[in-house]
Undergrad: 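My structure is below; once you've seen it, I'll send some questions.
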2 protein chains.
Amino acid sequence: MMDTNATVADRNLSRLSREPLWDRAHAQLREALLAGRFEPGSALVLRHLAETFGTSITPVRDALARLVAQGVLEQGPRNSALVPDLRKSALVDITMVRCELEGRATREAAQKATPADIDALDALLADMRGMIARRALDAYLDVHRRFHFGIYALAGIPILDEMIENLWLRCGPILSFVVPEYVVLLKGTDHHQAALDALRRRDGAAAEAEIVADIEEAGRYLLSLADPSGRIRRRVPA
Amino acid sequence: MMDTNATVADRNLSRLSREPLWDRAHAQLREALLAGRFEPGSALVLRHLAETFGTSITPVRDALARLVAQGVLEQGPRNSALVPDLRKSALVDITMVRCELEGRATREAAQKATPADIDALDALLADMRGMIARRALDAYLDVHRRFHFGIYALAGIPILDEMIENLWLRCGPILSFVVPEYVVLLKGTDHHQAALDALRRRDGAAAEAEIVADIEEAGRYLLSLADPSGRIRRRVPA
DNA sequence: ATATGTCGTTTGTTATAACAAACAACAAAA
DNA sequence: TTTTGTTGTTTGTTATAACAAACGACATAT
């Protein structure tokens, strides 16, 4: 009886938001990945996640299947879904493809960006500087992502955006490793500013070069975190 | 009773092959897409496909969910899966990303290809010529795909391969439209041969240029098939 | 004749149960 | 002590039923 009431309540709740349960599970998993809330190498267990989300295993299974199909999660033995534990070689490969795709997107963006677009990105850059000063590093990661994708969105090529987001998701579990050590040194900030300046001058080649440099610099730092076996590990597991 | 027997038989069958049912459904759908056996714009119906495959809707649902997650199928109203009906702009975008990625893969391949690798690809090229002469166009499409991916595999970058395959799948429904008109004119064959020659000379830039030219040429032909609304249609619907 | 409302059908979603494979723990034998 | 066999648990897979939203057909009303 209480069971029935709970079910009805849940149904009504889900009806309000107008989106399937698996969609919500998918979004929550994606966000958790990007925020680095999952231990690289760990297994994602259907019934466990279902309990967390308060649903049956069906929507969770759906969400995990999609993530695996996107290459965001690996499929381990017994078709289980595991959080990828990126090795050096995989990181090098992803970085290369990222440079290729994000570089091209930046070049295209230079042709289409309006002054208003640039100003909006400039505001994000100011936010980012403030967050570093205040050591608000979680928030920084989020705005940093919006800055990059803000540029790529200007290119107006949805498929490019999709593939770039996929690449970010693939290194999601280790993306947060750049904080705090790397980010607070302001290593990449010059590239961000320089890319924006180039965009304002409509200099596509220069903007592309800056973004590529930014990606490669972060890639090199992440690579330096690799342990002898090639796995990328957080500096202080805290 | 007969029902029970049938189920048991199916179980044993699936146990033999050692792969989940959804995996087989996924592979069959992928193959059908690449072969152009699905009408662009049509909806893929769970219960219908389930009957075709002789399974319940669960594995089919799984397979479709993955295809949609990969961007290979679109999700229509009511979260249904539909075969994408590519428009001009989408085709232009995909062609651009293909050039970027397949060009880069070819350049990398030039550094790693051994004479034996080139010889194997040369054999495929000979096959392709024979198939065109015999007008074995379905078989041609298949070998043509193996030729391209044979080159990209030489780069040894799994993530690149994955993303390129994804792009091919995205235009799978219209890929077969290049036959028979375009292919029999041998338009692209020179590029294939020239790319292979460049690979043999370890001239990465030249090989990349040939592959890019091949992709762009096919892209232009496909674009010329667009009707006034921008949709790409088969020349003679047979 | 066109508009509208009702009802049955289609179809994706979710929960659930039965199932089999993998794994771990523990006990028994060499 | 080490190895092996058994058993219980965990966990992904599949089939199935109940469900709700969308769609279409048909009848009724204006």
Side-chain angles (χ1 to χ4, degrees), chain A residues 1-29 38 41-69 73-83, chain B residues 1-29 38 41-69 73-83:
Chain A
M1 246 201 264
M2 200 182 71
D3 244 336
T4 306
N5 285 340
T7 303
V8 168
D10 289 350
R11 288 282 171 84
N12 289 338
L13 220 41
S14 85
R15 186 125 14 270
L16 259 211
S17 67
R18 230 13 154 222
E19 68 179 350
L21 292 183
W22 62 256
D23 213 337
R24 220 180 314 179
H26 185 261
Q28 289 182 51
L29 287 170
F38 284 129
S42 63
L44 264 24
V45 180
L46 288 187
R47 285 168 176 82
H48 186 261
L49 291 173
E51 195 179 5
T52 303
F53 294 151
T55 68
S56 81
I57 63 175
T58 311
V60 178
R61 181 179 159 70
D62 236 343
L64 287 187
R66 282 166 197 257
L67 258 356
V68 171
L73 295 177
E74 287 178 13
Q75 72 177 40
R78 188 76 194 124
N79 276 332
S80 60
L82 354 138
V83 182
Chain B
M1 243 202 267
M2 201 183 72
D3 244 335
T4 306
N5 285 341
T7 302
V8 168
D10 289 351
R11 288 281 172 85
N12 288 339
L13 219 40
S14 85
R15 186 126 13 272
L16 257 213
S17 68
R18 228 20 154 221
E19 70 179 349
L21 292 182
W22 62 257
D23 212 338
R24 218 180 316 180
H26 185 262
Q28 289 183 51
L29 288 170
F38 286 129
S42 63
L44 265 23
V45 180
L46 289 185
R47 285 168 174 83
H48 187 264
L49 292 173
E51 195 180 4
T52 303
F53 294 151
T55 68
S56 81
I57 63 174
T58 312
V60 178
R61 181 179 159 72
D62 235 343
L64 287 187
R66 283 165 197 256
L67 257 358
V68 171
L73 296 177
E74 287 177 14
Q75 71 177 41
R78 189 73 195 133
N79 277 331
S80 60
L82 357 134
V83 181

Undergrad: Starting from C1' on C:dT14, measure out to CG on A:Leu64 and report it in whole angstrom.
TA: 16 Å
Undergrad: Applying salt bridge (charged side-chain N to carboxylate O under 4.0 Å, His left out), can you list everything that pairs with B:Arg66, at least two apart in sequence or on another chain?
TA: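 Expected list: none.
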Undergrad: Axis-to-axis angle across the helix from C:dA1-D:dT30 to C:dA30-D:dT1, five pairs an end, to 10 degrees?
TA: 0°
Undergrad: To the nearest 0.5 Å, what is the distance between CD1 on B:Ile57 and CG on B:Leu49?
TA: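 Separation between the atoms: 11.0 Å.
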Undergrad: Going by the rule side chain to side chain donor-acceptor pair (under 3.5 Å), which residues pair with B:Asp23 if we only count those two or more places apart in sequence or in a different chain?
TA: none
Undergrad: Measuring from A:Glu19:CD to A:His26:NE2, what's the distance to the nearest 0.5 Å?
TA: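 It comes to 12.0 Å.
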Undergrad: Taking side chain to side chain donor-acceptor pair (under 3.5 Å) as the test, write out the residues that go with B:Gln75, two or more places apart.
TA: B:Asn79
Undergrad: Minimum heavy-atom separation for A:Trp22 and A:Pro59, please, with both atom names.
TA: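 Closest approach of A:Trp22 to A:Pro59: CB-O, 3.4 Å.
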Undergrad: For B:Ser80, give me all partners under side chain to side chain contact (heavy atoms under 4.5 Å, CB included), at least two apart in sequence or on another chain.
TA: B:Pro77, B:Leu82
Undergrad: D:dT16 P sits how many Å from B:Asp62 CG, rounded?
TA: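 These atoms are roughly 17 Å apart.
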Undergrad: How many Å lie between CZ on B:Phe53 and P on D:dT13, as a whole number?
TA: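 Rounding to the nearest Å, CZ of B:Phe53 and P of D:dT13 are 18 Å apart.
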Undergrad: What is the distance from CD of B:Glu19 to C1' of C:dA20, rounded to the nearest Å?
TA: 17 Å
Undergrad: Check nucleotides 8-12 of chain D for protein N or O atoms closer than 3.5 Å to its own N or O atoms and list the pairs.
TA:
residue, atom, partner, partner atom, Å
D:dG12, OP2, A:Leu46, N, 3.1
D:dG12, N7, A:Arg47, NH1, 2.8
D:dG12, O6, A:Arg47, NH2, 3.0

Undergrad: Figure out the CG/C1' separation between A:Asp23 and C:dT13, and round it to whole Å.
TA: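 Whole-Å distance recorded here is 12 Å.
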Undergrad: Atom CD of residue position B:Gln28 - does it have more than 12 heavy atoms of other residues, nucleotides or ligands inside 6.0 Å?
TA: yes
Undergrad: Any side-chain N or O of A:Ser56 less than 4.0 Å from the OP1 or OP2 oxygen of C:dA15?
TA: yes
